[in-house]
Each structure stands twice: as C-alpha cells, then as structure tokens.
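Proteins come first, then strands; the chains are lettered A, B, ... in the order of their sequence lines, and each starts at number 1.
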Amino acid sequence: AQSVTQPDIHITVSEGASLELRCNYSYGATPYLFWYVQSPGQGLQLLLKYFSGDTLVQGIKGFEAEFKRSQSSFNLRKPSVHWSDAAEYFCAVVPIQGAQKLVFGQGTRLTINP
Amino acid sequence: EPEVTQTPSHQVTQMGQEVILRCVPISNHLYFYWYRQILGQKVEFLVSFYNNEISEKSEIFDDQFSVERPDGSNFTLKIRSTKLEDSAMYFCASRVGGHQPQHFGDGTRLSIL
C-alpha cells in the first residue's frame with residue numbers, strides 16, 4: 001500500500017547533539033516531499049520541501065534533508081539541536097499521480113535533554 | 001509573514017449538533033484544504049477546494065461534512081450532526097499554486113460531548 005513511514009515514534013537527544021529523523025515512502029514515482037514541525041499548541045510549520053533537483057535541501061532553523069531515491073527516503077537532519085527544537089516532526093508527501101493532498105507520516109516526537 | 005487563521009481555537013459541542021469551523025486562508029492563495037488529527041493519530045486529509053468547488057475528498061468526508069467559501073476571504077468546514085468520533089484537531093491549509101507548499105493554520109480543537 002502507498003504510505004509514508006516514520007519508524008521512530010519518539011526520539012530523545014541531548015542539547016548540542018546531532019539529529020536525524022527518518023522518513024520512508026512507498027510510491028511508484030518520486031512524490032513531492034516535505035517536513036513539517038508542530039510545537040505544542042501550534043499549527044504545522046513547513047521546515048523544508050523537495051520537488052526536484054539537488055537532493056540535499058536546506059530549510060529553516062538549521063535543518064536539512066536528503067532525498068535518496070534508491071532508499072525511498074527523505075531523512076531530516078540537524079548538526080546541533082537546541083532546546084527549542086523539542087516538537088513533533090511530520091514527514092509528508094504529495095503523490096504526483098494524485099491531487100495536491102498531503103499524506104502524512106505518523107510523526108516523531110523529539111525530546112531534548114539539557 | 002501572512003498566516004492562515006483559524007477560529008475558534010477550541011470548540012466544545014454536544015453530540016448531534018452542527019458545528020462550523022472557520023478559516024481565513026492567505027489572501028493570494030487559490031487552493032484550500034482541511035485536515036484532521038485525532039489524538040495520537042496521523043494528520044489525515046479531508047478535502048481540497050479550488051475554483052469554488054471540491055477537487056478531491058477522502059472517504060472520511062461523508063455527507064455530514066461540507067465546505068464553503070462564502071466570500072473572498074473565509075473558508076469553512078461544517079459538520080451537520082456531530083459524532084463522538086469527530087473529536088479531533090482540525091487544520092486548515094492554503095496554497096498559492098504551482099510548486100508551492102501548503103501553509104497551515106494553528107488548528108481548531110473540536111471536542112464532542
């Protein structure tokens with residue numbers, strides 16, 4: 001079945017440590033790819049997007065993501081996390097063959113240890 | 001920076017009552033969406049709207065749901081007869097078009113009693 005998978009429900013890292021959040025998709029063609037962040041009580045804020053071209057994309061707040069076609073992955077990374085990065089992170093895709101709806105992963109909750 | 005605005009932030013309604021959730025999309029955007037997130041579950045697509053008509057809807061969006069753009073600025077989601085399982089966070093989103101992403105509001109938390 002076509003889906004978006006975020007294997008890690010909850011991740012805890014120490015402040016200043018590096019971060020990688022995983023996302024895999026199962027669609028026949030390469031979809032459009034996104035990462036959104038949701039802080040408590042807030043809406044979904046776009047971190048970055050991939051449509052085509054350079055497979056390493058830069059986003060806001062020091063985040064980047066790399067699209068790997070061979071692995072059907074779009075993992076989110078940050079070299080050094082800050083306490084304010086604690087939030088829920090969602091990977092989402094727009095399947096090209098479909099309409100413009102976003103299909104979301106389950107989300108990964110990030111906790112930062114001081 | 002322009003934002004998608006949703007009101008109210010929290011709505012409490014008795015089961016069987018009608019509820020209208022309101023959204024003001026970003027002013028130059030042309031595509032509008034509703035999503036919902038039941039507590040502890042994924043964000044799920046409900047409906048997309050373009051050129052004053054529904055362009056796609058999910059199986060969740062049954063006859064109890066409707067959307068409307070009554071004027072040039074508002075985009076509403078109506079649930080005619082609410083059920084307990086409609087309790088969720090409802091997100092509105094808008095998009096200008098082309099290869100541009102959707103921008104989300106802060107959501108309305110709907111609690112059905």
Side-chain angles (χ1 to χ4, degrees), chain A residues 1-10 23-25 30-54 57-61 63 65 67 74 87-109, chain B residues 1-10 21 23-26 29-51 53-61 67 88-109:
Chain A
Q2 297 180 329
S3 66
V4 181
T5 303
Q6 293 180 246
D8 304 305
I9 294 173
H10 185 199
C23 174
N24 294 93
Y25 62 89
T30 300
Y32 298 154
L33 299 156
F34 306 83
W35 276 97
Y36 285 85
V37 61
Q38 184 181 29
S39 298
Q42 302 282 315
L44 295 160
Q45 182 183 22
L46 179 71
L47 284 176
L48 45 76
K49 62 186 184 291
Y50 174 81
F51 292 114
S52 64
D54 192 346
V57 293
Q58 302 297 320
I60 62 170
K61 305 185 180 187
F63 286 92
F67 166 60
F74 189 56
E88 187 97 19
Y89 290 80
F90 294 94
C91 180
V93 309
V94 172
I96 289 182
Q97 290 88 352
Q100 306 107 18
K101 68 179 183 183
L102 280 165
V103 178
F104 284 85
Q106 187 73 22
T108 297
R109 185 160 62 92
Chain B
E1 184 176 329
E3 294 180 338
V4 176
T5 305
Q6 290 186 244
T7 55
S9 56
H10 191 191
L21 308 182
C23 171
V24 179
I26 296 173
H29 285 193
L30 301 176
Y31 297 82
F32 313 110
Y33 309 82
W34 284 101
Y35 294 81
R36 78 172 186 189
Q37 184 181 28
I38 295 172
L39 188 64
Q41 297 186 22
K42 289 184 181 185
V43 178
E44 302 172 288
F45 168 78
L46 291 178
V47 65
S48 59
F49 191 86
Y50 170 72
N51 200 27
E53 61 183 25
I54 291 173
S55 47
E56 187 177 0
K57 60 183 180 180
S58 72
E59 62 275 9
I60 303 168
F61 195 89
V67 290
M89 181 73 87
Y90 287 80
F91 291 105
C92 174
S94 69
R95 186 174 69 92
V96 63
H99 285 185
Q100 294 301 320
Q102 296 177 31
H103 294 263
F104 285 79
D106 284 345
T108 293
R109 181 170 299 283

Tell me the closest heavy-atom pair linking B/His99 and A/Lys49, and the distance in Å.
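In terms of heavy atoms, the two residues are closest at O-CE, 4.4 Å.
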Taking all heavy atoms of B/Gln102 and all of A/Tyr36, pick out the closest pair and write down the distance.
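Answer, listing the atom of B/Gln102 first, then A/Tyr36: O-OH, 2.8 Å.
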Please look at [X] and chain A and tell me whether the side chain, the backbone, both or neither of the residue comes under 4.5 angstrom of a heavy atom of that chain.
X        : result
B/Gln37  : side chain
B/Arg109 : neither
B/Tyr50  : neither

I want to check something: taking the side chain as every heavy atom from C-beta on, are B/Pro101 and A/Tyr32 in contact at a cut-off of under 4.5 Å?
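Side chain of B/Pro101 against side chain of A/Tyr32, heavy atoms only: no contact under 4.5 Å found.
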Interatomic distance, B/His103 atom NE2 to A/Gln45 atom CD [nearest 0.5 angstrom]
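Here the interatomic distance stands at 10.5 Å.
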Gap separating the NZ atom of B/Lys57 from the NZ atom of A/Lys101, nearest 0.5 angstrom
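The distance works out to 13.0 Å.
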Where on A/Val4 is there a heavy atom nearer than 4.5 Å to chain B: the side chain, the backbone, both, or neither?
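Answer is backbone: N, CA, C or O of A/Val4 sit under 4.5 Å from chain B.
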What part of A/Gln38 lies closer than 4.5 angstrom to a heavy atom of chain B: side chain, backbone, both or neither?
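Contact with chain B is through the side chain of A/Gln38 alone.
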Indicate yes or no for a side-chain donor-acceptor contact from B/Tyr35 to the backbone of A/Leu102 under 3.5 Å, with no hydrogens or angles considered.
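Pair found, side chain donor or acceptor close to backbone of A/Leu102.
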Above 12 or not: heavy atoms from other molecules or residues under 6.0 Å from CD of A/Gln58?
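Above 12, so yes.
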Check whether more than 12 heavy atoms from other residues, nucleotides or ligands sit under 6.0 Å from atom CG of B/Leu39, and answer yes or no.
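No, because the 6.0 Å sphere around CG of B/Leu39 holds 12 heavy atoms or fewer from other groups.
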Please state whether the rings of A/Phe104 and B/Phe104 are parallel, tilted or perpendicular, taking 30° and 60° as the class boundaries.
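Correct class here is perpendicular.
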